[in-house]
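Notes follow the structure.
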Amino acid sequence: MIAQVLVELMNKNVDKTFDYLVPSTMQDKITVGIRVKVPFGNRTLEGFVLSLSNDSNYQKLKSIIEIVDDTIVLNEELLDLGKQLKERTLATLISCYQVMLPKALKAKEGVVVPIRYEKMISLKASVPKDIAFSSKQQQIITLLEKGACSKKTLQAISSSSVETLLKKGIITEEKVERYRLMEDAVKAPRYPLTEEQQKVVNQVLAKRNQFVPFLLHGVTGSGKTEVYMEIIETFLKEGKTSIVLVPEISLTPQIVKRFRARFGSVVAILHSRLSEGEKYDEWRKIARGEVSIVIGARSAIFAPLKNIGIIIIDEEHTASYHQENNPRYSAIDVALIRGEKHQCPVLLGSATPTLESFARAERGVYQLLSLPHRVENRPLPKVVVVDLNQTRKKDSFYFSSILLSKIQERIEKQEQVMLLLNRRGYASYLSCPHCGYVVKCPNCDISLTYHKNSNTLRCHYCGYGTKLPTTCPQCKESAMRSIGMGTEKLEEELQKLFPSVGIVRMDYDTTSRKGAHEKIIEDFAQGKYQILLGTQMIAKGLDFPKVTLVGVINADTGLNIPDFRSSENTFQLLDQVAGRSGRGTVAGEVVIQTFNPDHYAIQYAKNHDYLGFYQEEMKIRKQLKYSPYYYMTLVKVASKEEVVARMEIQKIYRSLERNLKSSILLGPTSAGLYKVNNIYYYQIIIKYKKEDALYPTLTKIVDYYKSNSKIKIMIDFHARSFL
Ligand code: ADP
Ligand code: ZN
């Protein structure tokens, strides 16, 4: 027997299978989708068996060395999916398979994640009657008569007794596999669905067993999660499985608990804050068919579930559903491929769908569902827009007097407040008040961020760090001053204004430790703090019924980013964060501070008018020939040598110009992030409605550069940002 093996080597030249002989001892264990170790040149590599055959076109084949895992890691569906993903993203096949698996199952990571075992003790068939046991020993035996027990528990009674009983052969010890992530079931209230919710559920269930993509447009607090759970429950009863994607950042204990409370142990969780061991365990539960529901972030879309009944993508507008490195895939795209394969509905939900998705719904590509009201007729929060041009002169840097008085009011009423500092494209950096010099990273074309805690400057792209200069490195005149606002500074100001109020901050710095993110949310939910302030992290998904005021400190920093999606991103952010207010029984309010009070993104957000925003933004996109009127593909080159990058992008441009007759080419230009970590980036944007030559041309270009080590080509068909 011959096996075709795809080796785990990140080299574009070897992205194909090689033939290996299957030794007779392995014949009955080798199957398609299993991992094996093979000799490759003078190395030993791991790889996936993609197919088996009786003969080979090659002579003198080498033999497989050994089998790595005892079961297959890629089932037939996923093997096939990987091939489609390669075609759609032009990434290597091996990267398409690796993205589907936890690190523990990837050779290139070199991560060794052991399976965790627990020692269990049980009684031998019969306990001899003629032995006199000590009281501790008797206690252990009595306990074991009810069933097996973990060794740890028994050792707590008396570890010497356990040893004696083992030696005498009264009890036996056995290693049992244990999953790491075990949580206690909790109770959560369950509500009868509203008429609107029930209608949505019925519409989806009417199409069960069919591949129908739905877009659920539901305002914040309309009970989308409740709808998801109802649908999932129906499928569960029918013996079918479900995948729910949630943005990484909103995969909080809150949402996990809601699902666990309803469905118990048939739920597996996958997200990046889990340890590698936990991820591996969750993955094995799924692969073994021990769970029916998978909740996770982007890569959970590859969960090896069988018999899928529904795939749900919550907050479908989330940018992180698109992966920014190889393979550059969109989880929505993958959901649609799998939905078709399993002939099941795919449900995309959001209060602020992307323009692309809503346009598809308008054209009938997606079936539109809607939840226009909050549950129990709770009103959407009232939004007050504060013009910073008017207030900054007299009020404090961070807070208008209107916002301050409203915070004060909530504090007196024992309600809670959330404050968002919009950091998109905005950080506090150091500048010389004399000559205007800004301290930049030596490796990247980016200003360094000032960290007050450690009194250092740090690059958020490459991690470079340096001490604060005492005088300006350029003019040597004055001391550098920090410009802009940071969450740290905001917290400090706020604490001065409200010395006796509990304030908690959630940003990149305060959530880097494992479990820290969860703890902040938990503590705030329990009322240990009255004010939660943070970056975009606090905008999504959180459900705190006691929050009645949301303040946006600076609504428009995102508007200044030179990106055609900046209005859309701003509208989404404002609508999402506003949606955190008034989710309980007390009506909520929102204060938006901005220098652009008349900007349409802000005005439509103020009126909770998604449709109005959609229509106005679509006009602009049409005029400027942007997505969704045109598809936009990003071609980037990266090189350590700037000249090489510049020359090659010119070559690529000429090739595209010759071959793509129905496209508009933008560029070539240096990328927005032009130099990162001493690597230079240049780019071209291809705009088209229909371009048959696109894939063949780009495939040729990728192949052409395959063995050129000086330059890397990146192609992104779903790019969310063109910076
Ligand atoms: P969304 O995901 O649309 O923002 P959620 O599903 O989080 O909304 O629901 C918002 C709040 O309303 C939650 O606290 C939820 O428990 C509650 N809720 C959902 N459905 C109902 C219902 N039918 N009756 C009463 N409360 C509900
Ligand atoms: Zn840097």
Side-chain angles (χ1 to χ4, degrees), residues 186-204 214-234 242 244-263 267 293 295 297 310 312-318 321 347-353 357 368-381 415-416 418 420 521-522 524-527 537-548 550 572-588 590 605 608 610:
V186 284
K187 281 230 161 63
R190 181 161 172 182
Y191 310 96
L193 295 187
T194 63
E195 237 169 78
E196 276 183 359
Q197 284 174 316
Q198 190 60 55
K199 191 175 156 206
V200 169
V201 170
N202 293 345
Q203 282 173 299
V204 174
F214 289 96
L215 176 65
L216 169 58
H217 177 220
V219 300
T220 54
S222 57
K224 292 187 285 297
T225 313
E226 217 59 37
V227 165
Y228 302 150
M229 290 199 288
E230 190 75 19
I231 294 169
I232 289 167
E233 184 158 33
T234 306
S242 310
V244 187
L245 289 200
V246 183
E248 183 76 52
I249 203 66
S250 29
L251 249 173
T252 58
Q254 281 192 312
I255 185 108
V256 172
K257 267 188 198 151
R258 268 171 90 177
F259 275 85
R260 284 228 198 264
R262 179 98 165 231
F263 302 111
V267 181
I293 301 166
I295 307 175
I310 184 142
I312 295 170
I313 302 193
D314 190 28
E315 316 262 16
E316 68 89 31
H317 62 280
T318 306
Y321 285 142
L347 177 57
L348 312 177
S350 175
T352 52
S357 292
L368 185 65
L369 309 168
S370 74
L371 289 171
H373 306 102
R374 282 191 162 177
V375 294
E376 302 190 317
N377 292 318
R378 287 170 200 161
L380 282 164
E415 292 164 7
Q416 286 182 309
M418 282 168 77
L420 170 82
I521 290 170
E522 203 92 303
F524 188 64
Q526 283 172 12
M537 276 184 193
I538 66 168
K540 271 197 191 111
L542 298 173
D543 186 24
F544 302 115
K546 284 200 122 181
V547 171
T548 57
V550 164
Q572 280 166 351
L573 177 67
L574 293 179
D575 197 76
Q576 293 289 334
V577 71
R580 302 309 111 212
S581 185
R583 294 170 74 86
T585 44
V586 184
V590 180
H608 306 289
Y610 173 79

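In listed order, ligands and their atoms are each counted from 1.
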Option among E316, E315, H317, K224 that satisfies the side chain to side chain donor-acceptor pair (under 3.5 Å) test with S350 =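 Exactly one candidate clears the test, H317.
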
Item checked: Side-chain touch R262/I232, heavy atoms, less than 4.5 angstrom ->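 R262 vs I232: side chains apart.
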
So do V246 and I295 actually touch side chain to side chain, heavy atoms under 4.5 Å?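 Yes, side chains in contact.
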
Spatial distance of atom [atom1] ([X]) from atom [atom2] ([Y]) [nearest 0.5 Å]:
| X | Y | atom1 | atom2 | result |
| --- | --- | --- | --- | --- |
| E230 | E226 | CD | CD | 8.0 Å |
| T220 | L371 | OG1 | CG | 11.5 Å |
| F263 | I293 | CZ | CD1 | 4.5 Å |

Tell me: protein heavy atom nearest [atom], and distance?
| atom | value |
| --- | --- |
| atom 21 (C) of ligand 1 | V375 CG1, 3.6 Å |
| atom 4 (O) of ligand 1 | G221 N, 2.8 Å |
| atom 24 (N) of ligand 1 | Y191 CB, 3.4 Å |

Out of [options], indicate the one that has the non-hydrogen atom closest to [atom].
| atom | options | answer |
| --- | --- | --- |
| atom 15 (C) of ligand 1 | E315, K224, R258, R583 | R258 |
| atom 6 (O) of ligand 1 | L542, T225, V227, I255 | T225 |
| atom 5 (P) of ligand 1 | G349, S350, P545, G223 | G223 |

Fill in: Shortest non-hydrogen contact from V267 toward R260
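Answer, listing the atom of V267 first, then R260: O-NH1, 3.2 Å.
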
- Item | For the student: nearest non-hydrogen atoms of P381 and A578, plus distance |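 Closest approach of P381 to A578, heavy atoms only: CG-O, 3.4 Å.
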
Answer side chain, backbone, both or neither: which part of [X] comes under 4.0 Å from ligand 1, heavy atoms only.
| X | value |
| --- | --- |
| D543 | side chain |
| T194 | both |
| R374 | neither |
| A351 | neither |

For [X], counting its heavy atoms only, list the atoms of ligand 1 lying under 4.0 Å from any of them.
| X | value |
| --- | --- |
| P192 | 22 (C), 23 (N) |
| S222 | 3 (O), 8 (O) |
| Q197 | 19 (C), 20 (N), 22 (C), 23 (N) |
| E376 | 25 (C) |

* Asked: Strictly by modelled atom types, are S222 and E196 linked by a side-chain donor-acceptor pair under 3.5 Å?
  ->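 No, no side-chain donor-acceptor contact under 3.5 Å.
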
Taking the six-membered ring for Trp, are H217 and Y610 parallel (under 30°), tilted (30 to 60°) or perpendicular (over 60°)?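 Plane angle between 30° and 60°, so tilted.
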
*Short N or O distance, L193 and ligand 1, threshold 3.5 Å exclusive*: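 Between L193 and ligand 1 (N or O atoms, distance only) the closest approach is not under 3.5 Å.
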
